[in-house]
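We name chains A, B, ... by the order of the sequence lines, and we start the count at 1 in each one. Keep in mind it's a predicted model, so treat the numbers as computed, not measured.
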Amino acid sequence: MTKKEIYRNKIKNTSDLTKFQKKVLLAVLGIPRGEVRSYSWVAGKAGSPGASRAVGQVLKINPYAPQVPCHRVISSDGSIGGYSGGLTRKRRLLKKEELK
DNA sequence: ATCATGACTAATG
DNA sequence: CCATTAGCCATGA
């Protein structure tokens, strides 16, 4: 088991989530189906404009993987960005709901 | 407090 | 289009 996995396992309780993390998750949850937002957008919504990288960190370790529509968060330049579950899955999800 | 890390972004070559 | 550089920020050790 890698460190990262241990960390993830450690934060599976909302109590362990920082304010920033909660805000980020809420912001992402607020993204309507078929819509996509940039990491910057989420950062601003979370109250820390410019913290796009930090947003990435949150989504990366977020224990609510498929629950939260983290696949609707892409790079500001329109690129797919990343996805802890594999870009393939992310692309598929986007193609299903965004493209529609 | 300090350091390393990364699903970022913009600029440059 | 790809690689590099530099700025940016939250998090964990």
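- As a whole-Å value, the separation of A:Phe20 CZ from B:dA7 C1' is 13 Å.
- Atom pair A:Ile80:CD1 and B:dA7:P shows a separation of 14 Å (rounding to whole Å applied).
- Closest of all the heavy-atom pairs between A:Pro69 and A:Leu29 is CD-CD2, 3.7 Å.
- Atoms CG (A:Leu87) and P (B:dA7) sit 10 Å apart, rounded to a whole Å.
- Contact check for A:Leu59 versus A:Tyr83: no side-chain heavy atoms found under the 4.5 Å cut-off.
- Judged by distance alone, with hydrogens and angles left aside, the side-chain atoms of A:Ser48 form no donor-acceptor pair with the main-chain N or O of A:Ala51 at under 3.5 Å.
- Considering all non-hydrogen atoms of both residues, A:Arg72 and A:Leu94 come closest at CA-CD2, 4.2 Å.
- For the contact set between residues 49-59 of chain A and DNA chain B, defined by any heavy atom under 4.0 Å, the members are A:Ser52, A:Arg53, A:Ala54, A:Gly56, A:Gln57, A:Leu59.
- One can place NZ of A:Lys60 at 12 Å from C1' of B:dA4, the figure rounded to the nearest angstrom.
- The CZ atom of A:Arg89 sits 15 Å away from the C1' atom of B:dA7 (whole-angstrom rounding).
- Of the side-chain N and O atoms in A:Ser48, one or more sit less than 4.0 angstrom from OP1 or OP2 of C:dA10.
- Distance, A:Asp77 CG to C:dC2 C1': 13 Å, rounded to whole Å.
- Using a cutoff of 4.0 Å between basic side-chain nitrogens and carboxylate oxygens, A:Arg37 and A:Glu35 are scored as salt-bridged.
- Residue A:Ile80 comes nearest to A:Lys90 through the heavy atom pair O-NZ, 2.7 Å, listed as atom of the first residue, atom of the second, then distance.
- Atom CD in A:Gln21 sits about 14 Å away from atom C1' in B:dG6, given to the nearest Å.
- Residue A:Tyr83 contributes atom OH, which lies 18 Å from atom C1' of B:dG6 at whole-angstrom precision.
- Using a 4.0 Å heavy-atom distance criterion, A:Tyr39 is classed as a base contact.
- In this structure, A:Ser76 does not reach the B:dC8 phosphate: none of its side-chain N or O atoms is under 4.0 Å from OP1 or OP2.
- Closest approach of A:Cys70 and A:Asn62 over heavy atoms only: SG-ND2, 4.2 Å.
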